[in-house]
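Shown next, in structure tokens, is the structure this report addresses.
Sequence positions, counted from 1, serve as the residue numbers for this chain. Here the structure is a predicted model, which is why all the values come from computation and not from measurement.
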Amino acid sequence: MNKIEYNISKRSLSRAIKWLGVLFFTLYAPFFVSCSEWNDHYEGNGLEQVDQTLWQQLKGNSQLSDFCQVLQETKVFRMHKKTPVSYADLLNSGQSFTVVAPLNGTFNKDSLLQLVQTAQGDSVVERYFVHNHLSRSLNSTGLDSKTMLLLNKKHVTLEEGSIEGVNLTNSNIRAKNGILHVATRPLPYQRSLYETLSDIPELSSIGKILRQYEEDYFDANSSVSSGIIEGVPVYVDSVVIERNRMLQQIGLINAEDSMYWMVAPTKESWQKAWDEASKYFKYDQKVLKRDSIEQHWTTRALLDDAIFNITDQRTLVDSLVSVQYLANRTSSTNGKPVYHVFKKPFEYGGILYGTERIECSNGVLFKAQEWPFTPEQTYLRELWSEAEQTFLITNELECSYNTRRIAADSISEGGYLQIVPSRATSNWELTFRVNNTLSGKYDICAVILPKNVVDKTIVDTKPCKFKSVINYVDSAGVAKTFNCNNTQFQNNPERVDTIVLAEAFEFPACNYNQNDIKVSVKIQCSILARETSRYSREMYLDCIYLRPRRTIEN
């Protein structure tokens with residue numbers, strides 16, 4: 001296990017301060033000017049029959065003087081701000097706690113006292129040391145094993161005579177406001193997956209990016225309101241939650257009450273994977289906040305399938321499904337690839353093969369020397385615009401169309417669009433929107449069905465004849481068209497026919513997750529009047545299909 005020693009260095013300070021937890025208890029109200037006012041604000045928890053407070057119990061034990069000194073010097077933080085209240089004040093108040101106090105000489109007191117001289121260092125000591133030895137619940141040790149939640153949201157196991165494997169010299173000492181246990185050494189601090197990504201230098205590139213998405217969120221429902229003044233809600237106690245916008249999407253690896261697996265590469269491999277992925281997420285210059293969007297989706301491209309919630313797995317050996325699997329479940333119908341599912345993860349070629357296992361407080365991190373995913377497994381995906389999804393049609397001319405449903409292995413998503421000309425000699429047009437294109441190369445295809453796909457007795461074997469135009473924007477956001485070299489396409493009327501309209505066509509700008517219609521494919525019937533007897537103007541269009549072409553630079 002990864003334990004954090006309590007001889008905290010200045011180097012760890014700069015990394016650790018980002019992990020401050022906001023305390024969500026009304027005990028941290030910001031404007032207390034004295035300990036008596038602090039005490040008057042709260043009530044006890046049914047332990048008043050004992051004469052001494054926890055602080056008095058601690059002060060009365062000469063073997064705990066080092067711990068007491070740290071408690072006296074460490075101030076309570078609320079909403080990232082230091083209050084005048086120390087943890088000695090807190091343990092001498094009417095609030096209830098369980099305290100695990102390590103004996104003198106078992107931790108580097110001087111290092112901790114040096115850190116608390118600054119606000120940043122104080123917050124580090126609060127989270128990694130003080131909060132690692134305090135609990136808001138009352139917990140006694142006994143014959144039955146149980147779990148205790150610490151103030152830093154870590155969980156530790158209590159057994160008879162020990163807590164989290166640390167022996168106790170004395171336990172279950174009752175105080176006026178809680179329970180005291182005396183330990184032979186400090187409780188170990190085990191990093192979460194999120195903390196590990198920043199604290200281990202080889203993985204810190206990922207942690208650095210993820211920390212950029214941290215934010216404070218005001219929780220109005222949990223805050224205590226005093227009413228509305230001049231139309232504005234006023235709160236006597238505000239609850240502000242520290243959350244991470246990126247982790248909300250890819251997996252809550254900062255949550256201590258969940259269990260995840262995550263695979264993460266070392267710095268060089270991460271940078272190599274980032275450099276390749278970022279080329280596919282180049283947005284045009286008209287997209288607002290383009291740089292931020294490019295970073296966001298490049299990060300998502302690499303991490304969406306790197307996190308696995310253990311509760312979602314049927315078996316950890318045969319296959320793993322990423323957090324995105326349930327959010328964006330994909331189908332294998334008609335030979336389409338299945339994303340977010342990884343077979344035989346521990347076997348040769350699997351995503352966890354040859355990785356180093358690192359135990360964390362909320363799961364396991366698998367450190368990989370090389371990025372174990374290919375772009376085709378993750379972000380470089382096939383794109384399907386199903387013709388029967390008529391909301392994708394952006395323009396129509398000289399035709400009517402009907403959505404048809406049929407269960408057949410050869411038909412994508414079990415449906416197609418029957419396109420009928422308005423008049424017998426009409427050359428119709430239909431334009432279909434294509435979503436989520438990346439700034440890369442694709443083979444752009446149209447899949448056309450034979451007329452006898454429904455009724456095998458139909459003997460109409462005339463092909464369709466058509467042209468195609470691709471609409472897109474360049475890197476400056478200027479609309480462009482490509483007429484597919486003015487090619488006249490014909491389908492094979494006797495089979496399901498995939499026709500390549502443009503081979504290795506490169507989109508200069510990414511249109512991933514954008515609402516604007518910037519990429520579309522137009523199908524134009526192009527039959528001359530004298531060709532009517534040779535070709536059919538009716539078409540059964542299954543889908544517009546984009547097959548990605550990976551660009552690899554030597």
Intermediate values then yes/no, salt bridge (charged side-chain N to carboxylate O under 4.0 Å, His left out), Glu215 and Arg245: CA-CA 7 Å; Glu215 65 180 9; Arg245 288 178 286 114; 3.1 Å; yes
Going through the checks in order, is the side-chain contact (heavy atoms from CB on, under 4.5 Å) test met by Trp274 and Ile206? CA-CA 10 Å; Trp274 178 276; Ile206 304 174; over 6 Å; no
Any chance you could lay out the side chain to side chain donor-acceptor pair (under 3.5 Å) test for Gln248 and Asn244, step after step, and finish with the verdict? CA-CA 6 Å; Gln248 297 279 103; Asn244 187 295; over 6 Å; no
If you apply the rule side-chain contact (heavy atoms from CB on, under 4.5 Å), what do you find for Glu214 with Met246, and how did you get there? CA-CA 8 Å; Glu214 290 180 351; Met246 180 65 70; over 6 Å; no
Kindly determine whether Tyr545 and Glu382 satisfy side-chain contact (heavy atoms from CB on, under 4.5 Å), including the steps that lead there. CA-CA 7 Å; Tyr545 159 53; Glu382 297 177 349; 3.2 Å; yes
Go through the steps to decide whether His340 and Val323 satisfy the test side-chain contact (heavy atoms from CB on, under 4.5 Å), and finish with yes or no. CA-CA 8 Å; His340 316 303; Val323 171; over 6 Å; no
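Using bins of under 30°, 30° to 60° and over 60° for the plane-to-plane angle, the ring pair Tyr379/Tyr280 lands in the tilted bin. Relative orientation of the Tyr189 and Tyr128 rings is tilted, given thresholds of 30° and 60° on the angle between their planes.
A distance-only check finds no donor-acceptor pair linking the side chain of Ser86 to the backbone of Lys75 [under 3.5 Å]. Between the Ser361 side chain and the Glu256 main chain, no donor and acceptor come within less than 3.5 Å of each other. A donor-acceptor contact shorter than 3.5 Å is absent between the side chain of Asp312 and the backbone of Ser322. The closest donor-acceptor contact from the side chain of Thr106 to the backbone of Leu103 lies under 3.5 Å. Proximity of a side-chain donor or acceptor of Asp474 to a complementary backbone N or O of Ala479 within less than 3.5 Å is not detected. Of the possible donor and acceptor atoms, one in the side chain of Asn152 sits under 3.5 Å from a partner among the backbone N and O of Arg127. With Ser204 contributing its side chain and Gly207 its backbone, the two residues share no donor-acceptor pair below 3.5 Å. For Thr83 (side chain) and Phe77 (main-chain N/O), no donor-acceptor pair under 3.5 Å exists by modelled atom type.
A search for ring pair (Phe, Tyr, Trp, His ring centres under 6.0 Å) contacts involving Phe432 returns nothing, not counting sequence neighbours. Partners of Asp66 under the side chain to side chain contact (heavy atoms under 4.5 Å, CB included) rule, at least two apart in sequence or in another chain, are Asn104, Phe107, Lys109. The ring pair (Phe, Tyr, Trp, His ring centres under 6.0 Å) check on Phe505 picks up Tyr472, Phe482, Phe507, with sequence neighbours excluded. Shown here are the salt bridge (Lys or Arg N to Asp or Glu O under 4.0 Å) partners of Arg433, two or more places apart in sequence or in another chain: there are none. Residues satisfying the side chain to side chain contact (heavy atoms under 4.5 Å, CB included) criterion with Lys367, sequence neighbours excluded, are Glu202, Leu203, Thr266, Glu356, Ile358, Leu365, Gln369. When the side chain to side chain contact (heavy atoms under 4.5 Å, CB included) test is applied to Ala306, the partners found at least two apart in sequence or on another chain are Val263, Leu303, Trp371, Phe373. Remark: Arg381 pairs with no residue by the side-chain hydrogen bond (donor to acceptor under 3.5 Å, both in side chains) rule, at least two apart or across chains. Here Gln295 pairs with Gln212, Tyr213 under the side-chain hydrogen bond (donor to acceptor under 3.5 Å, both in side chains) rule; sequence neighbours left out. Among residues two or more places apart in sequence or in another chain, the side chain to side chain contact (heavy atoms under 4.5 Å, CB included) test is passed with Val473 by Asp284, Ala509, Lys518. Lys282 pairs by the side-chain hydrogen bond (donor to acceptor under 3.5 Å, both in side chains) definition with nothing, not counting sequence neighbours. Thr378 is linked by a side-chain hydrogen bond (donor to acceptor under 3.5 Å, both in side chains) to nothing, counting only residues two or more places apart in sequence or in another chain.
What you find for Phe281 and Ser439 is that their closest heavy atoms are N-OG, 3.4 Å. Contact record, Pro508 with Ser475: CB-N, 3.9 Å, taken as the closest heavy-atom pair. The two residues Thr437 and Leu546 have their closest heavy-atom pair at CG2-CD2, 3.8 Å. The two residues Val116 and Lys82 have their closest heavy-atom pair at O-NZ, 3.9 Å.
Under 4.0 Å is where a charged nitrogen must lie from a carboxylate oxygen, and between Arg550 and Glu276 at least one such pair does. The residues Asp199 and Arg191 are annotated as salt-bridged, a charged nitrogen and a carboxylate oxygen being separated by less than 4.0 angstrom. A salt bridge between Lys343 and Asp318 is absent, with no side-chain N of the basic residue lying under 4.0 Å from a carboxylate O of the acidic one. Arg547 has no carboxylate O lying under 4.0 Å from a charged side-chain N of Glu503, or vice versa, which leaves the two without a salt bridge. Using a cut-off of 4.0 Å between Lys/Arg side-chain N and Asp/Glu carboxylate O, Lys289 and Glu294 are scored as not salt-bridged.
When only modelled atom types and interatomic distance are considered, Glu386 and Ser412 share a side-chain donor-acceptor pair under 3.5 Å. With 3.5 Å as the limit, one finds no donor-acceptor pair spanning the side chains of Ser319 and Arg314. For the residue pair Tyr87 and Glu126, a side-chain donor N or O sits within less than 3.5 Å of a side-chain acceptor on the partner.
Between Leu150 and Leu134 there is no side-chain heavy-atom pair separated by less than 4.5 Å. Side chains of Val166 and Pro188 form a contact here, defined as non-hydrogen atoms less than 4.5 Å apart.
The cationic group of Arg136 lies under 6.0 Å from the six-membered ring centre of Phe97 and within 45° of the ring axis, placing it in a cation-pi geometry.
Screening residues 506-515 for side chain to side chain donor-acceptor pair (under 3.5 Å) gives no qualifying pairs among residues at least two apart or on separate chains.
Interatomic distance, CG of Leu151 versus CG of Leu149, reported as 8.0 Å (0.5 Å rounding).
For Lys146, the NZ atom sits in a packed shell: over 12 heavy atoms of surrounding residues, nucleotides or ligands are nearer than 6.0 Å.
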